[in-house]
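This report concerns only the one structure given below.
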Amino acid sequence: MNLLAEAVGFGLVDAAVIALAAVGLSLQVSVTNFINFAYGDFMSFGAYVTYAANAAGLNFFPSVAVGAAGTGLLGVISNWVVFRPLMRRKSRTLILLICTVGLSFIVQNAIVMIWGPNAEHYSVTVGNALHLGPFLFTPGDLILIGVAFTLLLALHLFMQNTKFGTALRATSNNDDLAQACGIDTGRVVMWTWAISGMLCAVAGVGLALETNSLRPTTGFNELFVVFGAIILGGIGRVYGAMLGALVIGILTEVSAMFISPVYSGALAFTVVIVVLLLRPQGLLPSRGRSA
Amino acid sequence: MLYFIADLLALGAINAIMAVGLNLQYGQAGILNFTYYTFVAIGAYIGAVTTMGHPPVPASEETFILQWNLPWPVALVLAGAVAGVLGLFMVLVVIRRLRSDYLAIVTVSLGFIVWDLITNYVPLFNGANGLFNVPYILNGATASEITYTLEVFGVAMVVLAVCVWVVRSIFRSPYGRVLRAIREDEVVAASFGKATTSSRVWAFVLGCVMAGLAGALLVFYVNAWNPQGFLAEESFILMAAIVIGGPGNYWGAVLGTFVFVELLSEIERYLPNFGNGALVGAGRAVLIGIVLIVVIRFRPDGLIPERWLRWYRVPAGGGQGGAAGSQSRGEPRRRLGWPWLGQRSEI
Amino acid sequence: MLQIQEVEFAYGGSQAVAGCTFDVPDRKVTGLIGPNGAGKSTLMEIIAGGLTPSSGRIVFDGTEIQGLGRIRVARLGIIRTFQTPRELTRLPVMENLVFAAPNQIGEGPLQSLFRRSRWAAQERELRLKAESLLEWVGLTKLREEPAGSLSGGQRRLLEIARAMMAEPKLLLLDEPSAGVFPAVRKLIAERIREMVERGITVLVVAHNMAFLSDVADDVVVMAQGKVLRRGTLSEVRADESVVAAYLGGGHVGGTS
Ligand SMILES: Nc1ncnc2c1ncn2[C@@H]1O[C@H](COP(=O)(O)OP(=O)(O)OP(=O)(O)O)[C@@H](O)[C@H]1O
Ligand SMILES: [Mg+2]
């Protein structure tokens, strides 16, 4: 029982990181309608920029902000240079998907070229573990969960209460219609890339903190767990992604504890496949498309 | 230098088999298979374990299944068959239910699962260590390195010729046309009563068989089976090479793989290591990524588009043989100018 | 030839087809009209096997075909065109046509490899046939162009030729005259009449009254998923309920 609680606790920390990334990706997919294989590398990029800023003497939290801003910018630039022209041409989903793979190559290996292939570490530590009821958390874990929660809540409020949030939701429902209603969908898409980039940078930092190492492949290796979360939640459904993250985070930690840690990756993939096959619309009940 | 060229040729032929197979899957049938190398790995594994016999030294602690001692041509066929059967299983489960982009995610995921199993499950695959001492084929054990390389090249060329014959026949046949129709618009193909599922399934399986064959040849050539050589990244690079070369046109696919999979990695091997040690390899991947995106942006049909294939524009009344022969002998006629500027007058 | 009986279909919550019943008589052109959003395309899709009705029956030549799926419906001889033309954009016009022919010998993977002489002979005939169909719709010169480079009118014509290539018994045409020049519209109408003379039954959705009066023997008016009225075009146009449905059916958009 104690072990289970501990595993669930670790799972919560995982889930916080995955949720940030999954919500960011889900947001982007819901607006652009293609799946982004470069997203994991965006996570690494954010984590590395944070690392660089931190190494250059900036404090840790401002560094994270720099990393987030840098990754948001990377998203906007990618959209501008790569995806916008193709979307204008009404390219097929598959072609856009292949482009994201190309982008993933570029980002991941550019990281290798700039920062080298070896693992780096942040100068901050997560502190010593302490017991909280049945759970076992480090102060770093708690901050991570808190940050993730705050960011997601802020995003929620932003989506529900601002004009831009409404425009974003409209665009993700039906971009032609949104455009017809006078929404500048190009701007919405741009900001979506920015927001999703910022979220995934924070997720990347969290990931590097949690595993206490940062490699060029850190983000890419986590990508399929993130896919798992958004597929569980229903592709392109932002709130579903949070739920998916929770499920997959806890599932992988519990299985790592009770089966074997080496197969926890395989487990995430199996979940992805099984869910895609049985319920491609995700776990939540599907909503009707029209009123 | 001579050896370098021979090596390039042998690997080139093997890579060309993969290119032709993957091109059948993606270029013709429109299935985005991001885990093609998994099937290459499977073929290689089967090729290894069916020819290695018992571990030469009992204490060498290599563990693997079968431990057969088959003649290599049989092992080769078996490797293709096993890869094909596994491909069949995979595709049957997923193809009907999934949109093509989800299918891509599933292929990557399956590749990772297989890879996880291989590297972690020692009894079956000898774990991440891979297999060594895969026997030479032909007289490789006694011949000089360069002779053996050329021999493997010869065998690979024969296999390649068969594969190209198959793919070419398919491309030119009504079956190939159905595949292309499905690739362009599955709903339209179904609306004309074409067997959309089985057509794609068979194209996929044939592509996997070719992967298996290529894998077995590869393992005979390098005499070892190393899971590290079959990472997902390789599949991505192969796919990128095909998109760059020209999906749908097997020459484009072969050219793309030759340049981007092989030549670049060979050149990389001979470049001095500078910078942080991984700079050259990373630079190659960045280059591939950039070329990929630039090609998709400015030359969406690839460097050698499908429409350049000679048989592609078949004259009226021409059947199969006459088609290639009569009208457009030699260089395919390339239409100059942009399609939307010409011949509007009629309507 | 085709009977549609009490067919219902809803997208999520919205009822697109709400109990439709009518017949499509043999060797006649039946027009299907109605305001935007009346459910015409949805009904066509249901007949073609792309959607399964939640209730009701569709009987073709005495057999029930609802929910059979596109492929089997097509193989029975029901061929359709699309409201927005869907040609195989990167394939040449010629390939677009030949592909549509039913029962090609070389369509199986094994046959393609080992029955070459047989399919090659058939292929020759099909190409001749495609050639004559191209002439029929005036696209001969564009034979080798990728279909994606055609203009809107040319695409409509190509779709019609392609449908003919499939040797249909029943042809479903979804707005074949939308967005084309009057001259092309005339040509399309002429071709549809010729098809009927060759023994094909046609169900055609259209908004253009001039076009309909050229082609349709009979029209069915749909509004809000139901059949409102059936009769000749002039009868229907005189009907007040039809006029009302067009003007104030609760839908935005005109009747173009
Ligand atoms: N894919 C879909 N998802 C949800 N609702 C749909 C979908 N397609 C159509 N509808 C709705 O179903 C109703 C019927 O649409 P349908 O396309 O059949 O009309 P139509 O008579 O063909 O109209 P038009 O003249 O504009 O072609 C409309 O209210 C439309 O909004
Ligand atoms: Mg319609």
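First the proteins, then the strands, lettered A, B, ... as listed; each starts at 1.
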Looking at C/F82, is C/R86 sitting on its ring face, NZ or CZ under 6.0 Å from the six-membered ring centre and within 45 degrees of the normal?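 That pair qualifies as a cation-pi contact.
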
Verify, without hydrogens or angle tests, whether C/R155 (side chain) and C/L150 (backbone) share a donor-acceptor contact under 3.5 angstrom.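 Side chain of C/R155 to backbone of C/L150: a pair is present.
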
Output the option from C/N103, C/N96, C/I71, C/I78 having the highest count of non-hydrogen pairs under 4.5 Å with chain B.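 Top option by heavy-atom pairs under 4.5 Å: C/I71.
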
With chain B, which of C/P109, C/A130, C/G148 has the greatest number of heavy-atom pairs at distances under 4.5 Å?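 Most pairs with chain B among the choices: C/P109.
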
Under 4.5 Å from any heavy atom of chain C, what part of B/S198 do you find: side chain, backbone, both or neither?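 For B/S198, no heavy atom lies under 4.5 Å from chain C.
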
Is it the backbone or the side chain of B/A203 that comes under 4.5 Å from a heavy atom of chain C, or both, or neither?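 The answer is neither part of B/A203.
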
Parallel under 30°, tilted from 30 to 60°, perpendicular over 60°: which one fits the rings of C/F114 and B/W165?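 Judged by the thresholds at 30° and 60°, the geometry between C/F114 and B/W165 is tilted.
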
Compute whether any side-chain donor of one residue and acceptor of the other, for C/T140 and C/E135, lie under 3.5 angstrom apart.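 No, because no side-chain N or O of C/T140 sits under 3.5 Å from a partner of the opposite role on C/E135.
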
Using non-hydrogen atoms and a 4.5 Å limit, figure out which bit of [X] sits close to chain B: side chain, backbone, both or neither.
| X | value |
| --- | --- |
| C/E107 | both |
| C/A101 | backbone |
| C/A100 | both |
| C/R162 | both |
| C/V98 | both |

If we define contacts as heavy-atom pairs under 4.5 Å, which of B/D301, B/V187, B/L179, B/L206 has the most with chain C?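 The candidate making the most pairs under 4.5 Å is B/V187.
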
Would B/N33 and B/Q25 satisfy side-chain hydrogen bond (donor to acceptor under 3.5 Å, both in side chains), going step by step from the backbone distance to the final call? CA-CA 7 Å; B/N33 178 3; B/Q25 292 182 343; 2.9 Å; yes

Looking at C/R191 and C/E194, does any basic side-chain N land under 4.0 Å from a carboxylate oxygen?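 Answer for the salt bridge query: yes.
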
Partner of C/E45 by side chain to side chain donor-acceptor pair (under 3.5 Å), out of C/R80, C/Q83, C/K40: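 Filter result, single survivor: C/R80.
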
